[in-house]
There are 2 protein chains.
Amino acid sequence: MRQQYDVYAMRCPTRMVLDRIADKWALLLLDRLAEEPMRFNRLRRDIEGLSQKVLSQTLKRLERDGLVFREAFATVPVTVEYSLTPLGRTLNETASALAHWAERNMDEILQAQAAYDRKTSGGS
Amino acid sequence: MRQQYDVYAMRCPTRMVLDRIADKWALLLLDRLAEEPMRFNRLRRDIEGLSQKVLSQTLKRLERDGLVFREAFATVPVTVEYSLTPLGRTLNETASALAHWAERNMDEILQAQAAYDRKTSGGS
DNA sequence: GTCTCTTGGTATCTAATGGAAACCATGTTA
DNA sequence: TAACATGGTTTCCATTAGATACCAAGAGAC
C-alpha cells in the first residue's frame, strides 16, 4: 500500500490540489460549511474580508474538486445553497485543525514576531 | 477557557497567521524539515518548483513566526541549517496531515474534476 | 593563474493573482 | 419610482509569484 503520489514532485497532481486546499479562504469556507449548509451571501457576510469574486471563484473550484455541493433553488430571487460533500467532510477534519491551530497558538507567535523584530531592527 | 481569537474576524491576528501557514510552500517546508534539519540548497532541490526567492522569503517568515530555527555556521562557503522549533513541530502535526490528505484522496478528486468538466462543457 | 563550481542569498523583470468596486437581471418593498 | 435583496460576472489596479541574473567568498580543475 505505498502511496502513488508525491507532493514533492513538480508534475504530481497533488501539487495542484495542495495549492487549492492550502488556501486561507478555502479553509475558512470548508470550516464554515462543516457546521451547516449555507447560502452565498451568508458566507460572504460571515467570513469578513472575503470579496464576492474570490468567494465565487473559490466555491467553484471546491465544487469542481468534489469537496463542496452546490444546489440552486428556483425561488423568487434565486437561492443557492452550498454544503460539504462526504469527501469535503474528510478534508475538513484536518483543515479545520489548521485554522484553529492559529487561534490556539497566536500568543506564542506574536511573541516570537516581537522578539524577531527587536533582534532584527534594534540589533547591532 | 473560551478562545480569545476568531479566524472569521477581519482584524484578528490569526488571519495573518492563517494566511501564512495556509501556503503550499510553507506546508511543504514544514513537512520536509520535520524529518531532519536541512540546508538551504538541499530544500531547494528537494521541493521541486520552489524558487530561491520564494524559499528565502518563506523561510524568513517562518523564522519570524517562531516556527523555524535558522543557524548559520562560519564554514568555508557559509553553511546555514534550518530546523523546526518546538512550536513548528506542533504545527507540523496538523500541517503534514493536509499535505498528505492530498496524496491519499487524489484519485477521488481527479474523478470529481473529470465529472464536473463533462457536465460543464458537454452538458446540454 | 584563471575558469568554473559551490555556498546562501538579493535584485530585477514580467506574468499571474488578489481584492475593491461597479455592474447585471429579476423581483419585492417603501 | 427609487432602493434593496438575491447570486453572481466584469473591470481595474496593486500586490505577489516565478524566472533569471547577479553577488561575494572560497575550492578544485586545468
Side-chain angles (χ1 to χ4, degrees), chain A residues 8-12 15-29 32-33 37-64 68-83 116 120 123, chain B residues 7-12 15-29 32-33 37-64 68-83 116 120-121 123:
Chain A
Y8 292 109
M10 191 152 40
R11 306 200 158 282
C12 184
R15 261 306 170 73
M16 186 193 62
V17 172
L18 184 60
D19 210 19
R20 186 136 314 152
I21 63 181
D23 170 71
K24 181 176 58 176
W25 301 125
L27 290 181
L28 288 175
L29 277 172
R32 206 84 198 86
L33 290 175
M38 279 189 199
R39 291 163 57 184
F40 189 87
N41 280 313
R42 168 75 189 281
L43 288 166
R44 186 162 73 89
R45 279 187 297 260
D46 275 11
I47 304 178
E48 293 181 20
L50 174 55
S51 74
Q52 287 191 337
K53 190 185 81 170
V54 174
L55 174 56
S56 165
Q57 285 175 346
T58 307
L59 283 171
K60 210 173 284 178
R61 281 185 286 212
L62 292 174
E63 188 196 355
R64 178 167 183 265
V68 156
F69 177 63
R70 177 184 190 276
E71 195 171 12
F73 302 94
T75 50
V76 189
V78 61
T79 297
V80 181
E81 195 173 76
Y82 292 94
S83 54
Y116 181 95
T120 301
Chain B
V7 274
Y8 293 110
M10 189 151 42
R11 306 199 157 283
C12 185
R15 262 305 171 73
M16 187 192 62
V17 172
L18 183 60
D19 210 18
R20 185 138 313 152
I21 62 181
D23 171 72
K24 181 177 56 177
W25 301 126
L27 290 181
L28 289 176
L29 278 172
R32 208 82 198 85
L33 290 175
M38 279 188 197
R39 290 163 58 182
F40 189 88
N41 280 314
R42 170 75 189 281
L43 288 166
R44 187 162 72 89
R45 279 187 298 261
D46 276 11
I47 304 179
E48 292 180 21
L50 174 54
S51 74
Q52 286 190 341
K53 191 186 79 171
V54 174
L55 174 57
S56 164
Q57 286 175 345
T58 307
L59 283 171
K60 209 172 285 179
R61 280 185 286 212
L62 291 174
E63 189 196 355
R64 177 167 183 264
V68 156
F69 178 62
R70 177 185 189 276
E71 196 170 10
F73 302 95
T75 49
V76 190
V78 62
T79 299
V80 180
E81 195 173 73
Y82 292 94
S83 54
Y116 181 94
T120 302
S121 58

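Because the structure is predicted, anything quoted here is derived from the model rather than measured. So that the names make sense, note that chain A is the first sequence line, chain B the second, and so on, each numbered from 1.
Interatomic distance, CZ of B:R64 versus CZ of B:R20, reported as 6.5 Å (0.5 Å rounding). A:R45 contributes atom CZ, which lies 11.0 Å from atom CE of A:M38 (distance to the nearest 0.5 angstrom). With rounding to the nearest 0.5 angstrom, the CG atom of A:L27 is 14.5 Å from the CZ atom of A:R32.
Under the 4.5 Å side-chain criterion, counting only non-hydrogen atoms from C-beta, A:L50 is not in contact with A:L43.
As a whole-Å value, the separation of A:N41 CG from D:dG8 P is 9 Å. Atom pair A:L55:CG and D:dT9:C1' shows a separation of 13 Å (rounding to whole Å applied). To the nearest angstrom, P of D:dT6 lies 14 Å from CD of A:E81. A:R44 has its CZ atom 12 Å from the P atom of C:dA21, to the nearest Å. Atom CZ in A:R61 sits about 15 Å away from atom P in D:dG8, given to the nearest Å. Taking atom CG of B:D19 as the reference point, atom C1' of C:dG18 lies 11 Å away to the nearest angstrom. We find that CD of A:Q52 is positioned 15 Å from P of C:dC24, with the value rounded to whole Å. The distance between atom CG of B:L59 and atom P of C:dG9, rounded to the nearest whole Å, is 8 Å.
For B:R39, a side-chain nitrogen or oxygen approaches OP1 or OP2 of C:dG8 to under 4.0 Å. Of the side-chain N and O atoms in A:R45, none sit less than 4.0 angstrom from OP1 or OP2 of D:dA5. Contact annotation: B:R70 side-chain N/O to C:dG9 OP1/OP2 distance is under 4.0 Å. Note on B:S56: a side-chain N or O is less than 4.0 Å away from OP1 or OP2 of C:dT10. Taking 4.0 angstrom as the limit, B:W25 places a side-chain polar atom (N or O) nearer than this to OP1 or OP2 of D:dG18.
The nucleotide whose nearest atom lies closest to any side-chain atom of B:P77 is, among C:dT6, C:dG18, D:dA17, C:dT6. Of the listed nucleotides (D:dG8, C:dG19, C:dT7), C:dG19 has the atom at the smallest distance from the side chain of A:K53. Listed candidates were D:dT6, D:dG8, C:dG8. Nearest to the side chain of B:F40 is C:dG8. Here the nucleotide nearest the side chain of B:Q57, chosen from D:dG8, C:dG8, D:dA17, is D:dA17. Across C:dG9, D:dT9, D:dG7, the shortest atom-to-atom separation from the side chain of A:K60 is found for D:dT9. Out of D:dG18, C:dG9, D:dT6, the shortest distance to the side chain of B:Y82 is found at C:dG9.
Note that B:R39 lies outside the cation-pi zone of B:Y82, set by a 6.0 Å cut-off to the ring centre and a 45° limit from the axis.
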